[in-house]
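All remarks here apply to the structure that follows.
A note on names: the letters A, B, ... follow the listed sequences, proteins ahead of strands, and every chain is numbered from 1. Hydrogens, waters and symmetry mates are skipped; everything else that's a heavy atom, side chains included, is used.
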Amino acid sequence: MAETILKLDKVTKVYGNGTVANRDINIEFKKGEIHSIVGENGAGKSTLMKIIFGIEAPSSGVVTYKGEEVHFASSMDAIEAGIGMVHQHFMLIPSYSVVDNIILGMEPKNGIFINTKQAVKVCQELSDKYNFEVDVTQKVAELSVGKRQKVEILKTLYRNAELIILDEPTSVLTPQETEQLFEQLKSFTEQGKTIIFISHKLEEVKQISNRITVMRNGVSKGTYNNEDLTMAQLTNLIVGRDVETDYEVYKKHPDFNKEYALKVENLTLKHASRNILDNVSFGVRKGEILGIAGVEGNGQIDLVKCITGLQEVEYSGKIEINGVDTTGMNVRQRRNSGMAYIPEDRMNDGIAGDLPISDNMIATYYDREDVNGKITMNLKAIDKISDELIEQFSVKTGSNKTKINALSGGNIQKVVVAREYNTHSNLMIAEQPTHGIDIGSAEFVHHQLIEMANNGAGILLVSADLNEVMNLSDHIIVMFDGKIAGYFDKAKEVSDQELGLYMLGVKHQTEEEIRGAL
Amino acid sequence: MAKKPKTNRFSITNEKFYNFIKLTIAILLGLALAFVVLCFVSKDPVNAFVTILTGPLKKPRYMGVVIEKFVPFLFSGLCCCLLFKCGFFNLGGEGIFIASGLLMSVFACNEQLAIAGVHPAICILVAAVSGGLLMLIPAFFKAKYGANELVLSLMLNSAYLGLGTYIIKYHFLTTTTSLIASPDYQPTARIGFLSGQFFQDYHISITFFLGILATFLVWFVLYRTKLGYQIRLVGTNPKFADYAGINSFSLAMKTNFIAGALCGIGSAIQLLTQFNYFNWTGVNSPGIGFSGALMAMIGQSNPIGTFFASFFIKYLEQGTTVLYYSDTSVPSEIVAIIEGVIVLLVSSTYFLRRLREKKLLKEGLQSEYRNDREAK
């Protein structure tokens, strides 16, 4: 039996708003293993990792590292002790070179100057040693997402990490890049390094782990050897029931004479002489779900901003919402043309955290007649609408006067979806609608989107989660480098491997094929 | 949802009750510190302390001074209250007290307007409109170009003070005294106390009721109207307001205009009730515009809270004044100590947080266990 490198004993974490993120967690991590922590979003995996990495202090419990009890005051302490973490959202400075990013904070010195030559040499050696194929003198901004992740891993290696935590490392990778990452992780363990692998993608976990710890609702449901668990058992442990992924049976495919809810023509967005969006054309018809797949940062965010009117930079091209040309229109005018929008960053864009749920429930239609009286707002109507929506969207809360901050991510998202649903718009833009929420809520949101499509809304689904796009969409567009790389008229007839090739920019459709999107 | 989780209103985990406890403890600590200071400076600290707390109650006239001084103070507080709610840290109130006050003084000295009853109304209107317009300057640059409204408003305050002094010195100087002050106001412009013994005793003029009305109106606008809804939304999360399609520029203009108008009214009321001429640095009280921000903070940006905060501080100030009649060793700045401690503690996010978190931890775990049991 290998020695224990890290041990958690009765670790509990309660956040300031009363959320119990972790309760009485006991886990032992063995040296040289790949240990996966699985669980739904919101099960407490990330918090647990923050505790190990010194970002959060546990409310109670003991963390033992290499046989000694530790109290990391910050991540600096953890790094010094030999723990490295690759965050889900990269912590890199795009305008710096790879070397600068790697050595930042631990620069090899030559007197008072940074010894650049030495730094480049060390970093390149490190990269070559593990076959990372990264040119360390390049700027991070010029690297692909997959390469950037390698830089993150190099950062931990440079700091001599023996225990490396990877938080959802594959969520931004294409299937091909994921394969490569796994090869490298295996080679790390051969050299005695320990990997903690956080994920909610079970196939991957089964493929790579030695042992698996399952978390649910902030509690550990036990640690298992990989070979002792079947896929079905694992799913059951995580969710507590079976999960469906085939939504096709719920779809009604209503016929609206192929009317457009959204029509985008020749949309081009230039910023700093770079084409962020390059001649993008597509249409979303009423009653249909159009999925946009792509690795994050290939223009999807800007595309949505252009459509919703939040884009500050001028774009060229034409966007029609429900047949209305939106040129020069602000957000309010576009919403009034029948547009609803579920934003990606719900905490910053989608809610006013310090205000009660009721205030958040009406925010995008606060000027509508049914919530306003002659002089005052109609508080009774607002109450009633809020309560009805809370009921209908099964938001877990004591009252509609609760500050929305106090809800869990899944419930906050339900409020956002409920509000946008209640605008009764014919165009729904759903941007990462289930990002970071629990499986139960995600399923619920998916059903709501399908329901809206069944009722005649056109839905534009933008998501980095390939499974989500494939399960929900009628048609799929893949974006790469600000362009449409591929259009698939029948979403069910394309494989994830195939989509992966388009996402990576390996394959490109012809102009002719892409024109089918409109 | 089947069951609603039970929440105890009088538990520290309840947000409103927590804020209330925080405020109470902050006030007590402020008073305690004041007492400590009194022990050093006064021969009879206990008596001094009691006098500060009860002094104004001794004579109606004392209380009258509190009420008289409190009203303009309140307007300044309401102005900041509105601004804070909208996410503006605009301290232009001080400058408006000067500039609008001076402009109003020109009207108050004007003989042609000397019609009883109408004259003060005209003066207040002039101050309100000019105050609103002046407040738009920093607001415009903030909303349009993202300039820092705090820096801008502070700079403007200095500019108004300099400009005001220049105007008085060279174009609007009194001829009757050697002060650097405006000529005396027309008697018709002054706002007197309401007739009746009670009103006379307690120095209550129509402005006192204006103050109450303004407090109610600010509360009403903030919590009952569409405008207030937008203000709170923008103040809580401007990005969300953008997303929801609120035109934050026009909203900023509206809010700042109303806030500036409140300050202008405050300035007019102060001058027309308490003074006979304009002399900012000497007799009229500099700093009142800034104090408004403190009152809004103590009142936790709630107009009604601001109302009581303003009254409380003016009451304490009068208490020290009364104390001064018998014990000259205690400086009037003692109130500033109390004020400072309260503001510091009330605005501190960390104060009492540990206690609350511990309680939350306990409650959180309990409800978790309860859920578990129910699940079984």
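- Side-chain contact between Y243(B) and T308(A): absent, with no pair of heavy atoms (C-beta onward) separated by less than 4.5 Å.
- When each of N372(A), T364(A), D359(A), V371(A) is scored by its heavy-atom pairs under 4.5 Å with chain B, the top score falls to D359(A).
- Counting non-hydrogen atoms of neighbouring residues, nucleotides and ligands closer than 6.0 angstrom, the OH atom of Y223(B) exceeds 12 such neighbours.
- For CD1 of I301(A), the number of neighbouring non-hydrogen atoms (other residues, nucleotides, ligands) closer than 6.0 Å is 12 at most.
- Put simply, the side chain of D349(A) does not reach to within 4.5 Å of the side chain of F240(B), judged on heavy atoms.
- Looking at heavy atoms from C-beta onward, L310(A) lies in side-chain contact with D242(B) at the 4.5 angstrom threshold.
- One distance of note links OG1 of T236(B) with CG of N360(A); it measures 8.5 Å at 0.5 Å rounding.
- Heavy-atom distances place both the backbone and the side chain of I246(B) under 4.5 Å from chain A.
- Residue N330(A) does not touch chain B at all, counting heavy-atom pairs closer than 4.5 Å.
- The nearest pair of heavy atoms linking L233(B) to A352(A) is CD1-CB, 4.1 Å.
- The two residues A244(B) and A363(A) have their closest heavy-atom pair at CB-O, 3.5 Å.
- At a heavy-atom cut-off of under 4.5 Å, chain A is reached by F220(B) from residues 208-220 of chain B, listed in order of number.
- With respect to K226(B) and D367(A), no salt bridge is recorded, no charged nitrogen being found less than 4.0 Å from a carboxylate O.
- Sorted by first and then second residue, the side chain to side chain donor-acceptor pair (under 3.5 Å) pairs involving residues 143-152 of chain B (not counting sequence neighbours) are K142(B)-E149(B).
- Proximity to chain B (any heavy atom under 4.5 Å) is restricted, for R419(A), to the side chain, taken from C-beta onward.
- Heavy atoms closer than 4.5 Å to chain B are found nowhere in M329(A), neither backbone nor side chain.
- Other residues, nucleotides and ligands contribute over 12 non-hydrogen atoms within 6.0 Å of the NZ atom of K239(B).
- The side-chain hydrogen bond (donor to acceptor under 3.5 Å, both in side chains) check on K403(A) picks up E15(B), with sequence neighbours excluded.
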Distance-only donor-acceptor pairs under 3.5 Å for side chains of residues 377-384 of chain A, two or more places apart:
residue : atom : partner : partner atom : Å
N378(A) : OD1  : K380(A) : N            : 3.4
N378(A) : OD1  : A381(A) : N            : 3.1
D383(A) : OD1  : N400(A) : ND2          : 3.1
D383(A) : OD1  : K401(A) : NZ           : 3.1

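- Among I375(A), D354(A), I362(A), N336(A), the residue making the largest number of heavy-atom pairs under 4.5 Å with chain B is I362(A).
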